[in-house]
Amino acid sequence: MSPARDERDQERGRIRAAMDRILAGTAENSNGALTIVALAHEAGVPRNALTQRHTDLKTEFYTRVRERNGTSEVEDRLRKTITRLKNTIANKNTELEQLRADVPALVRAINVLTLENQQLREAREQNLPTVVPIRFRPHPPHADR
């Protein structure tokens with residue numbers, strides 16, 4: 001057997017072993033996703049080994065993935081994480097929108113309080129009376145009493 005043929009067979013063997021590990025959910029060198037990129041990484045070969053030299057193995061991989069209804073445990077976990085993170089982002093965006101909406105009202109409140117504080121300081125400097133008499137206003141009698 002020629003050295004090139006032997007090398008090609010070894011590469012195919014690594015790809016098949018990687019395929020079995022990924023499909024079993026026991027990936028060692030990749031994230032275990034059911035993709036050609038993960039398969040190539042798991043097998044330690046360049047991606048074009050699957051897209052150009054060993055297209056039959058690429059086809060076999062996708063066929064085996066479809067036969068087992070799609071996703072590995074690792075991919076399911078990653079999809080759940082992605083969903084959770086998308087929800088977190090949506091919640092943070094909602095919170096950010098609320099905070100942005102609150103800012104103008106808070107700025108107005110600060111301006112009013114600053115103005116009132118300034119008026120109180122000026123009144124203190126001018127020795128204006130600080131006690132304001134409260135005038136008693138009798139309440140009208142209630143009709144139901």
Side-chain angles (χ1 to χ4, degrees), residues 4 7-145:
E7 186 177 319
R8 183 176 187 273
D9 289 344
Q10 286 179 3
E11 187 174 67
R12 289 180 68 81
R14 288 196 311 272
I15 293 169
R16 284 190 186 281
M19 193 182 311
D20 291 340
R21 285 193 305 273
I22 287 177
L23 292 170
T26 58
E28 299 170 356
N29 304 312
S30 70
N31 63 7
L34 300 176
T35 65
I36 291 301
V37 172
L39 178 58
H41 191 259
E42 182 69 23
V45 300
R47 185 172 60 107
N48 71 352
L50 289 157
T51 60
Q52 295 173 11
R53 289 193 300 269
H54 306 294
T55 57
D56 62 316
L57 292 179
K58 177 183 80 166
T59 303
E60 178 184 337
F61 179 67
Y62 282 138
T63 300
R64 288 177 66 184
V65 167
R66 276 191 302 277
E67 286 173 355
R68 63 185 302 269
N69 288 330
T71 58
S72 69
E73 181 181 320
V74 172
E75 191 168 350
D76 286 340
R77 192 169 2 107
L78 290 173
R79 287 183 190 280
K80 287 177 185 175
T81 300
I82 289 168
T83 300
R84 184 178 46 81
L85 292 173
K86 284 181 178 180
N87 288 335
T88 299
I89 289 169
N91 291 338
K92 293 297 179 187
N93 285 341
T94 301
E95 182 181 354
L96 182 59
E97 287 173 19
Q98 183 61 52
L99 291 171
R100 285 182 175 157
D102 290 345
V103 167
L106 294 172
V107 168
R108 283 190 298 276
I110 289 171
N111 287 337
V112 167
L113 292 172
T114 301
L115 180 61
E116 288 177 359
N117 189 25
Q118 182 182 352
Q119 290 170 344
L120 289 171
R121 286 175 192 255
E122 289 172 2
R124 188 183 69 199
E125 288 173 5
Q126 297 173 5
N127 290 325
L128 297 176
T130 56
V131 177
V132 178
I134 300 175
R135 293 180 184 35
F136 176 73
R137 294 188 311 172
H139 295 283
H142 290 286
D144 56 339
R145 284 192 195 179

Please give me the minimum heavy-atom distance between [X] and [Y], naming the atom from each residue.
| X | Y | value |
| --- | --- | --- |
| Ala27 | Gly32 | CB-CA, 3.8 Å |
| Asn48 | Thr51 | CA-OG1, 3.1 Å |
| Ala38 | Ala33 | CB-O, 3.2 Å |

Rounded distance (nearest 0.5 Å) linking atom [atom1] of [X] with atom [atom2] of [Y]:
| X | Y | atom1 | atom2 | result |
| --- | --- | --- | --- | --- |
| Leu50 | Thr59 | CG | OG1 | 10.0 Å |
| Asn93 | Thr88 | CG | OG1 | 11.0 Å |
| Leu115 | Asn111 | CG | CG | 8.5 Å |
| Glu7 | Gln10 | CD | CD | 7.5 Å |
| Asn31 | His41 | CG | NE2 | 8.5 Å |
| Tyr62 | Ile36 | OH | CD1 | 4.0 Å |

*Can you list the residues that meet the side-chain contact (heavy atoms from CB on, under 4.5 Å) rule with Glu95, with sequence neighbours excluded?*
Lys92, Leu99
*Start with the C-alpha distance between Arg124 and Leu120, add both sets of side-chain angles, then the distance that settles side-chain contact (heavy atoms from CB on, under 4.5 Å), and finish with yes or no.*
CA-CA 6 Å; Arg124 188 183 69 199; Leu120 289 171; over 6 Å; no
_Could you work out, with side-chain hydrogen bond (donor to acceptor under 3.5 Å, both in side chains) as the rule, every residue matching Gln118, not counting sequence neighbours?_
Glu122
*Val103 and Val107: side-chain contact (heavy atoms from CB on, under 4.5 Å), yes or no, with the steps?*
CA-CA 6 Å; Val103 167; Val107 168; 4.1 Å; yes
Sequence neighbours left out, cut at 3.5 Å: what donor-acceptor pairs do the side chains of residues 11-22 make with other protein atoms?
| from | atom 1 | to | atom 2 | distance (Å) |
| --- | --- | --- | --- | --- |
| Glu11 | OE1 | Arg53 | NE | 3.3 |
| Glu11 | OE1 | Arg53 | NH2 | 3.4 |
| Glu11 | OE1 | His54 | NE2 | 2.6 |
| Glu11 | OE2 | Arg53 | NH2 | 2.9 |
| Arg12 | NH1 | His54 | ND1 | 3.2 |
| Arg12 | NH1 | Asp56 | OD1 | 3.1 |
| Arg12 | NH1 | Asp56 | OD2 | 3.4 |
| Arg12 | NH2 | Asp56 | OD2 | 2.6 |
| Arg16 | NH1 | Glu60 | OE1 | 2.8 |
| Arg16 | NH1 | Glu60 | OE2 | 2.9 |
| Arg16 | NH2 | Glu60 | OE1 | 3.4 |
| Asp20 | OD1 | Arg64 | NH1 | 3.0 |
| Asp20 | OD1 | Arg64 | NH2 | 2.9 |
| Arg21 | NE | Glu42 | OE2 | 2.7 |
| Arg21 | NH2 | Glu42 | O | 3.3 |
| Arg21 | NH2 | Glu42 | OE2 | 3.2 |

*Do Lys86 and Ile82 come close enough that some side-chain heavy atom pair is under 4.5 Å?*
yes
*asked:* Looking at Glu28, I'd like to know if its CD atom is crowded, meaning that more than 12 non-hydrogen atoms belonging to other residues, nucleotides or ligands lie closer than 6.0 Å.
replied: yes
